[in-house]
Amino acid sequence: MKLQRFAVSFLLSRAKSVRLLGDEKRENKRFALGFPTSRDSERTERRGRMGDKQKHEPQIAREWLESLSRGETHELEALSLAGLQVEHAERGLIRCKFIVPNHLSDGVGNWCTGAMALLIDDVGAAAICSAVGHIKVSVNFSVSFISTAKIQEEVDIEAKVTEHKGKLTLVVVEVKKEGSGEMVAFAKQWMASVSPEITNQPSKL
């Protein structure tokens with residue numbers, strides 16, 4: 001009886017193997033003739049999922065940054081980012097416009113450097129979010145204040161992710177005067193992922 005059950009099981013497994021082999025041969029033949037195969041469908045589905053994710057991450061970054069400018073989180077960001085407009089958001093790149101409000105004056109009519117640094121920090125974090133889908137924590141932040149911007153002056157802010165190293169991501173932020181393009185501030189910021197499952201291979205974008 002055991003021998004019979006073994007024989008039946010063996011024959012069923014052989015039949016399954018033959019069927020799978022036949023399916024593989026048919027797939028290979030379709031591929032050789034240029035017809036779509038199941039592997040093409042799987043690749044298309046994976047690309048679709050990746051495309052959806054790439055479209056979704058910049059939107060997450062945009063909504064997060066806009067919520068800061070509306071004062072929906074911390075009061076300090078609400079003051080420093082009030083009126084910030086997100087002009088463009090794509091994977092690893094954020095562009096904004098900002099009119100320096102009166103309440104951010106340093107006392108002599110210039111944009112307060114502390115408030116400017118906070119805005120640069122948040123826009124840089126949003127650019128990283130647009131690339132990886134979540135907010136990272138800052139581990140190194142350097143900013144050079146090259147010139148001043150006056151109250152009610154409009155500036156352009158661009159934040160671009162330039163490098164990944166493991167859990168670390170580098171973003172470069174430039175603040176320029178609208179129209180003239182004069183550089184107001186230039187910053188570099190390394191941010192780290194606190195999520196153990198998020199790791200990126202060293203690469204350059």
Side-chain angles (χ1 to χ4, degrees), residues 54-74 76-165 168-192 200 203-205:
Q54 289 179 357
K55 290 177 182 178
H56 187 52
E57 287 166 346
Q59 186 61 30
I60 293 173
R62 176 190 285 271
E63 291 174 357
W64 177 75
L65 199 54
E66 289 175 343
S67 72
L68 292 181
S69 69
R70 291 193 300 266
E72 296 176 5
T73 53
H74 303 291
L76 194 57
E77 272 89 0
L79 291 171
S80 299
L81 279 71
L84 180 72
Q85 297 181 346
V86 181
E87 295 284 308
H88 180 79
E90 64 180 73
R91 188 173 175 82
L93 178 66
I94 298 286
R95 291 195 183 101
C96 304
K97 287 189 179 296
F98 185 65
I99 298 176
V100 184
N102 293 333
H103 65 264
L104 295 183
S105 172
D106 62 357
V108 293
N110 296 323
W111 186 7
C112 173
T113 54
M116 192 192 310
L118 181 56
L119 182 144
I120 289 171
D121 178 33
D122 286 333
V123 176
I128 291 178
C129 178
S130 72
V132 301
H134 65 278
I135 303 300
K136 293 190 173 189
V137 295
S138 180
V139 294
N140 185 279
F141 180 49
S142 64
V143 56
S144 299
F145 299 105
I146 299 168
S147 65
T148 58
K150 297 292 184 180
I151 296 304
Q152 293 303 315
E153 190 167 10
E154 186 174 10
V155 295
D156 296 320
I157 305 108
E158 179 180 283
K160 184 176 182 180
V161 174
T162 59
E163 191 172 353
H164 293 294
K165 286 184 178 180
L168 295 173
T169 303
L170 176 64
V171 62
V172 172
V173 185
E174 295 181 346
V175 181
K176 297 180 179 180
K177 293 184 179 182
E178 171 70 17
S180 69
E182 180 185 352
M183 185 77 72
V184 176
F186 177 84
K188 287 185 177 183
Q189 181 166 216
W190 283 99
M191 303 190 83
N200 297 307
S203 64
K204 288 282 184 97
L205 291 186

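Computed from heavy atoms alone, side chains included, the values below leave out hydrogens, waters and symmetry copies.
When atom types are taken as modelled, the side chain of Thr169 and the backbone of His164 share no donor-acceptor pair closer than 3.5 angstrom.
Here Arg62 pairs with nothing under the side-chain hydrogen bond (donor to acceptor under 3.5 Å, both in side chains) rule; sequence neighbours left out. Ile151 meets the side-chain contact (heavy atoms from CB on, under 4.5 Å) test with Val100, Asn102, Ser105; sequence neighbours excluded. In this structure Glu87 satisfies the side-chain hydrogen bond (donor to acceptor under 3.5 Å, both in side chains) test with no other residue, sequence neighbours excluded. For the salt bridge (charged side-chain N to carboxylate O under 4.0 Å, His left out) test, residues two or more places apart in sequence or in another chain that qualify with Asp156 are Lys97. In this structure Cys129 satisfies the side-chain contact (heavy atoms from CB on, under 4.5 Å) test together with Ile60, Ala61, Ile135, sequence neighbours excluded. With sequence neighbours left out, the side-chain contact (heavy atoms from CB on, under 4.5 Å) criterion links Ala159 to Val123, Ala127, Val171, Val173. In this view, Glu158 and Arg95 satisfy the side-chain hydrogen bond (donor to acceptor under 3.5 Å, both in side chains) rule, not counting sequence neighbours. For Ser138, the side-chain hydrogen bond (donor to acceptor under 3.5 Å, both in side chains) partners are Gln189, not counting sequence neighbours. When the side-chain contact (heavy atoms from CB on, under 4.5 Å) test is applied to Ile99, the partners found at least two apart in sequence or on another chain are Gln152, Glu154.
The ring pair (Phe, Tyr, Trp, His ring centres under 6.0 Å) pairs that include a residue from residues 86-110 are Phe98-Trp111, where partners are two or more places apart or lie in different chains. Sorted by first and then second residue, the salt bridge (charged side-chain N to carboxylate O under 4.0 Å, His left out) pairs with a member in residues 141-153 read Glu153-Lys177; sequence neighbours excluded.
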Show me the donor-acceptor pairs within less than 3.5 Å that the side chains of residues 142-149 make with the rest of the protein, sequence neighbours left out.
from   : atom 1 : to     : atom 2 : distance (Å)
Ser147 : OG     : Glu182 : OE2    : 3.4
Ser147 : OG     : Met183 : O      : 2.8

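Residues Ala187 and Phe141 share a closest heavy-atom pair of CB-CE1, 4.1 Å.
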